[in-house]
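By convention here, the first residue in the shown sequence is residue 1.
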Amino acid sequence: MKHKFNNIMLTLVVVLVAVVADIFIIYQFKNYETRFLEIYGSEQDAYVKVILDQINSLEHQGTEENITDIIASLDMTASKYWTLSKEDAFLFVKSVKETNRYNSFTDRTYYTTETALKFRNSLKINQVEHQIIYLDQDRFIASGVIFNWQGEAYQICLFTYDKVILEDNILLECKNAIIIIFSMVLALFIILSMILSRKINAQSNDIKKQQEHAVWQNQQINLLDEQLKREYAFSASRHVFKNIVLDEFLDVLDKKNVSPLHFAIFETESAEARDKFFEYMQVVLDNQVLRFSMDERMVVLIFVKYKKHISERMITSLENWKVHGLADLYCKNNKKSYKEQFYKFWKAVKVNEERKTVS
């Protein structure tokens with residue numbers, strides 16, 4: 001769950017970074033466009049200065065109509081046009097037809113936006129300036145100047161629609177190419193991050209499964225190890241058990257309802273004879289005979305699942321001049337617990353041996 005949450009967070013962070021980068025690029029493009037218009041405006045100022053010089057060359061021989069004719073003779077379109085005004089009245093706007101529309105209005109009716117009014121009010125005498133303005137929600141780069149002619153102040157301006165500049169074929173092609181490439185990079189970035197996130201999630205799941213499998217394998221190994229230990233521990237052919245574990249064996253045999261059992265008690269002449277007796281038993285006895293060393297001389301054998309006549313014959317065959325069989329007890333079942341039956345039998349044997357010693 002934690003890995004899944006981390007992957008979701010990683011994807012969200014990548015998408016957020018992509019969105020922020022997109023906003024930053026759009027912002028930079030706007031700055032780029034503004035700066036480009038500023039550069040264009042500087043070149044446009046030079047053009048206005050040329051026209052101003054042409055007007056000033058008329059000196060006193062010309063008339064106001066001559067100035068209007070000069071402006072009207074210039075190349076104009078709906079996207080690039082000139083204006084000429086004296087004080088607050090328009091003398092020329094775009095064309096003769098457009099000029100007639102503004103005959104009864106002041107130039108303030110044309111400069112309706114805040115940026116346009118700011119541009120108009122900032123114009124200086126014989127100093128061409130430019131600004132980016134908005135007219136009817138359209139953006140223009142405007143260049144203008146105030147000049148004195150025959151004692152009166154005139155204002156001449158050149159307006160160029162921004163799209164004419166910014167949507168020039170080569171410029172627009174470069175801009176679109178940049179946008180497309182950047183969009184592809186962003187899309188690739190997001191796709192790769194999602195693929196990476198899915199891969200990390202898949203790897204996390206694989207690691208989790210491997211860890212679970214490793215835990216399961218360790219559990220199985222531990223179980224096998226315990227089973228082997230248990231089997232080895234109960235392997236009578238390999239072990240001689242001490243008397244302290246006899247109770248545990250009897251409880252296990254009782255619990256598993258193993259039957260029949262045949263108990264046999266032997267006494268050896270010495271500890272050395274006892275050890276040789278155990279070595280001998282490794283050769284002649286199988287895995288179904290449990291061996292217990294009760295003390296330095298006393299040995300208890302438990303024959304598991306043997307028929308009585310077979311276990312009796314085996315008990316007799318184990319005796320020699322250094323090993324004596326003291327007694328045996330055949331338990332057909334465990335209606336009375338094996339532990340209870342054995343210790344009752346063991347006590348009787350001990351008492352009997354003590355009597356022999358006394359007599």
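- Comment: K49 engages D53 in a salt bridge, judged by a side-chain N to carboxylate O separation of less than 4.0 angstrom.
- By the 30° and 60° cut-offs, the orientation of the rings of Y111 relative to F90 is tilted.
- Between K350 and E353, none of the side-chain N atoms (NZ, or NE/NH1/NH2) sits under 4.0 Å from a carboxylate O, so this pair counts as no salt bridge.
- Taking 4.0 Å as the cut-off between side-chain N and carboxylate O, R101 and E98 count as a salt-bridged pair.
- Ring planes of F292 and F241: tilted class, angle from 30 to 60°.
- In summary, K86 and E64 engage in a salt bridge, as defined by a charged side-chain N under 4.0 Å from a carboxylate O.
- Between H262 and Y330, the ring planes lie perpendicular to each other; the angle is over 60°, past the 30° to 60° tilted range.
- The aromatic rings of F159 and F119 sit perpendicular, their planes meeting at an angle over 60°, well past the 30° parallel limit.
- Follow the hydrophobic side-chain contacts under 4.5 Å out from M298 and you reach Y343 in the same cluster.
- Comment: D254 does not engage K339 in a salt bridge, judged by the lack of any side-chain N to carboxylate O separation of less than 4.0 angstrom.
- Here the shortest heavy-atom pairing between Y280 and S317 reads OH-O, 4.4 Å.
- Note on V50: it does not cluster hydrophobically with I125, by side-chain heavy-atom contacts below 4.5 Å among ILVMFWY residues.
- Using a 30° and 60° split on the angle between ring planes, F342 and F263 fall in the tilted class, from 30° to 60°.
- Using a 4.0 Å cut-off between charged nitrogen and carboxylate oxygen, K322 and E269 do not count as a salt-bridge pair.
- Side chains of Y134 and D162: a donor-acceptor N/O pair is absent below 3.5 angstrom, by distance only.
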